[in-house]
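Heads up, the thing below is written out as structure tokens.
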Amino acid sequence: MRATRTLLLAGVLLSPLAAYLESAPSLVAQEPTFENVTEAVGLGGGDFVAWADFDRDGDIDLVTGGRLFENDGAGRFTALDGFSASSGVWGDYDNDGLLDFYATSGTGQLLKNLGNRQFKKTRIPENPHRMSRAAAWADADNDGWVDLFVTNYETWPTRAFPDLFYWNSGQGSFAEPVPHPRGKQWRGRGVNWSDFDNDGDQDFYISNYRLMPNQLWVNDGRGNFSEQAEQRGVMGTNDGGQESASGETPAYQYSGHTIGSCFGDINNDGHIDLIAVNFAHPPAFQDRTMVLINSGPPHYRFKNINENDQAGIQYQESYAKGALGDYDNDGDLDLFITTVYPNDDGTLFENDGSGKFTDVGDQAGVRGNDGYGVAWVDFDNDGDLDLSTAGALMRNRGNRNSWLKVRAIGDGPSNHSAIGSRVTITAGNKSYVREIQAGNSGNQNPFVTHFGLASHTGPIEVAVRFPSGLQVIKTVNPNESVTIHETEAN
């Protein structure tokens, strides 16, 4: 039976429950890191997730299961009437300061944010293939307007469909989509943008299924792309048998069934690394999940350190989507991977700071959340990242480490959402890098970059490099949410 006495600590009379917790710290330490608050906060159902502060009130809202849930700032959500959209991605396509939403289902749908919780369908050329599983925004040609890349998947077993590039022609209009690459059709399930080579423009990675090679499209700075996955080490192992050409799908060597991928600096060396999450049947030639470490300059090539599970991502057959976030605020990016087979379990992998991971799903209380939806979000604004996965919202109980959140506003030459910005902070003798991305293989993390600072308590230097090349540097304190405007650049 729990203690019923009260305690007086620092002049404060504690309730019986609080007194019990204060007198039993060892039991408190055994509590799982996360608790399922899905129903308690008014959510339920859904799969893919897209988080963003659409109403600019300072808290993060959610699209899932075809509905938009508004966060009231106290940690509860209410479905917004009149909004109906499937999985998709937020981005301010017309630079009016309001986040709009592209829904991927069917022929695609662009919902313009009018403010005051109102949306209007606006014209965007149709996706005639109706087979999209993911989309992502980025300013591909650095003209200040975000462009849209939409992957297309398949009708099993016979047909693949081309991915589509939607170029924003300025003033919020789009030309007819361009099949990309021309004359080739793969079976795309995810797209992620990143400036992995740190040259100031946005490159993108396509996660392809059916043992197809993945693609890394490298930008020349003007929106012209060359495919360099093999030479950069991120195509897949390419060591299986060969599939014959079929229609516009070229012949290819078997590698992996990649469903989702995610970019992030997982070893804190200042270079953006890549996790390729592979669904893999038992035959050894099918690629397992890859932890791809970026060499940095001059070549920016990647090396997989998870061969034979050496980076700690052990084999499960039905891995699907991954998301990187520093859940324990210790300064490195941890990884959650979902699964989709009932005998497999989505789980959390804790990073040791070098890109080596340990499965902590059981002790964290998050093992078994399966599906395609996954994102990290501080939905209750308490400074630690909560986990949104497979229709569940898992609240982080917190820790004693410091943190910093940075939001960038492109109110100069860059796109208003500051998509593609690179945020670097220096805390003492350590530096950390994050990117502002809009889309993670069908899911979306918020536009706010989150940094764990471990035990650091002193001043922090924040540097934001906007897509325009303009940079803002300022000094801030830990445990704050800061907003940096492009117009602050000298």
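Few gaps surround CD on Q310; more than 12 heavy atoms of other groups in view lie less than 6.0 Å from it. No more than 12 heavy atoms of other residues, nucleotides or ligands sit less than 6.0 Å from atom NZ of K356. Within 6.0 Å of atom CZ in R434, more than 12 heavy atoms from other residues, nucleotides or ligands are found, so the atom counts as buried in its surroundings. When the shell of 6.0 Å around NZ of K430 is examined, it contains 12 or fewer heavy atoms from other residues, nucleotides or ligands.
Residues K321 and I337 have side chains not in contact (no heavy-atom distance under 4.5 Å, counting atoms from C-beta outward). Side-chain contact between V406 and L404 is present, with heavy atoms from C-beta onward closer than 4.5 Å. Contact check for N214 versus M235: no side-chain heavy atoms found under the 4.5 Å cut-off. Side-chain contact between S261 and L274 is present, with heavy atoms from C-beta onward closer than 4.5 Å. A heavy-atom distance below 4.5 Å is found between the side chains of P467 and S421. Using a 4.5 Å heavy-atom cutoff, the side chains of V63 and F101 are in contact. Residues T389 and T338 have side chains in contact (heavy-atom distance under 4.5 Å, counting atoms from C-beta outward). Contact annotation: the side chain of D386 never approaches that of W376 to less than 4.5 Å [non-hydrogen atoms, C-beta and beyond].
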Derivation of the side-chain hydrogen bond (donor to acceptor under 3.5 Å, both in side chains) call for Q202 and D139: CA-CA 7 Å; Q202 293 293 293; D139 184 0; over 6 Å; no

D163 vs H180, side-chain hydrogen bond (donor to acceptor under 3.5 Å, both in side chains): CA-CA, chis, key distance, verdict: CA-CA 5 Å; D163 301 330; H180 188 89; over 6 Å; no

Derivation and outcome, side chain to side chain contact (heavy atoms under 4.5 Å, CB included), residues D61 and F69: CA-CA 6 Å; D61 312 294; F69 291 90; over 6 Å; no

Worked verdict on N267 versus D265 for side chain to side chain contact (heavy atoms under 4.5 Å, CB included): CA-CA 6 Å; N267 60 354; D265 181 9; 3.1 Å; yes

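Between F83 and F119, the ring planes are perpendicular. Angles over 60° get that label, and only those under 30° would be called parallel. Ring geometry for Y327 against F34 counts as tilted: the plane angle lies between 30° and 60°, on a 0 to 90° scale. Using cut-offs of 30° and 60° for the angle between ring planes, the H271 and Y300 rings count as perpendicular.
For the atom pair SG of C262 and CG of N192, the computed distance is 7.0 Å after rounding to the nearest 0.5 Å. Note that CZ of F263 is 7.0 Å distant from CZ of F196, once rounded to the nearest 0.5 Å. For the atom pair L62 CG and L80 CG, the distance stands at 12.5 Å (nearest 0.5 Å). Taking OH of Y205 as the start and OG of S441 as the end, the distance is 9.5 Å to the nearest 0.5 Å. Considering CG of N329 and NE2 of H456, their distance stands at 13.5 Å, rounded to 0.5 Å. Atoms CG and CH2, on D201 and W193 in that order, are 9.5 Å from each other to the nearest 0.5 Å.
Under the 4.0 Å criterion applied to side-chain N and carboxylate O atoms, K112 and D96 are assigned as salt-bridge partners. Salt bridge status for R76 with D59: absent, with no side-chain N to carboxylate O gap under 4.0 Å. No salt bridge links K405 with E480; every basic N to acidic carboxylate O contact stays at or beyond 4.0 Å. For D362 and R367, the salt-bridge test passes: some basic side-chain N is under 4.0 Å from an acidic carboxylate O.
A donor-acceptor pair shorter than 3.5 Å can be found between the side chains of S354 and D352. With no hydrogens or angles considered, no side-chain donor-acceptor pair links S194 and Q437 at under 3.5 Å. With no hydrogens or angles considered, a side-chain donor-acceptor pair links E486 and S414 at under 3.5 Å.
The distance between the ring centers of F204 and F149 falls below 6.0 angstrom. Ring pair Y319/F279: centre-to-centre distance not below 6.0 Å. Checked against a 6.0 Å centroid threshold, the rings of Y102 and Y93 do not count as neighbours.
Each of R288, M290, Q286, H257 was checked for a side-chain contact (heavy atoms from CB on, under 4.5 Å) with N278, and the lone residue meeting it is M290.
Nearest heavy-atom pair, N127 versus N152, reported as atom, atom and distance to 0.1 Å: ND2-OD1, 3.0 Å.
Relative to the ring axis of Y209, R187 does not place its NZ or CZ within 45° and under 6.0 Å from the centre.
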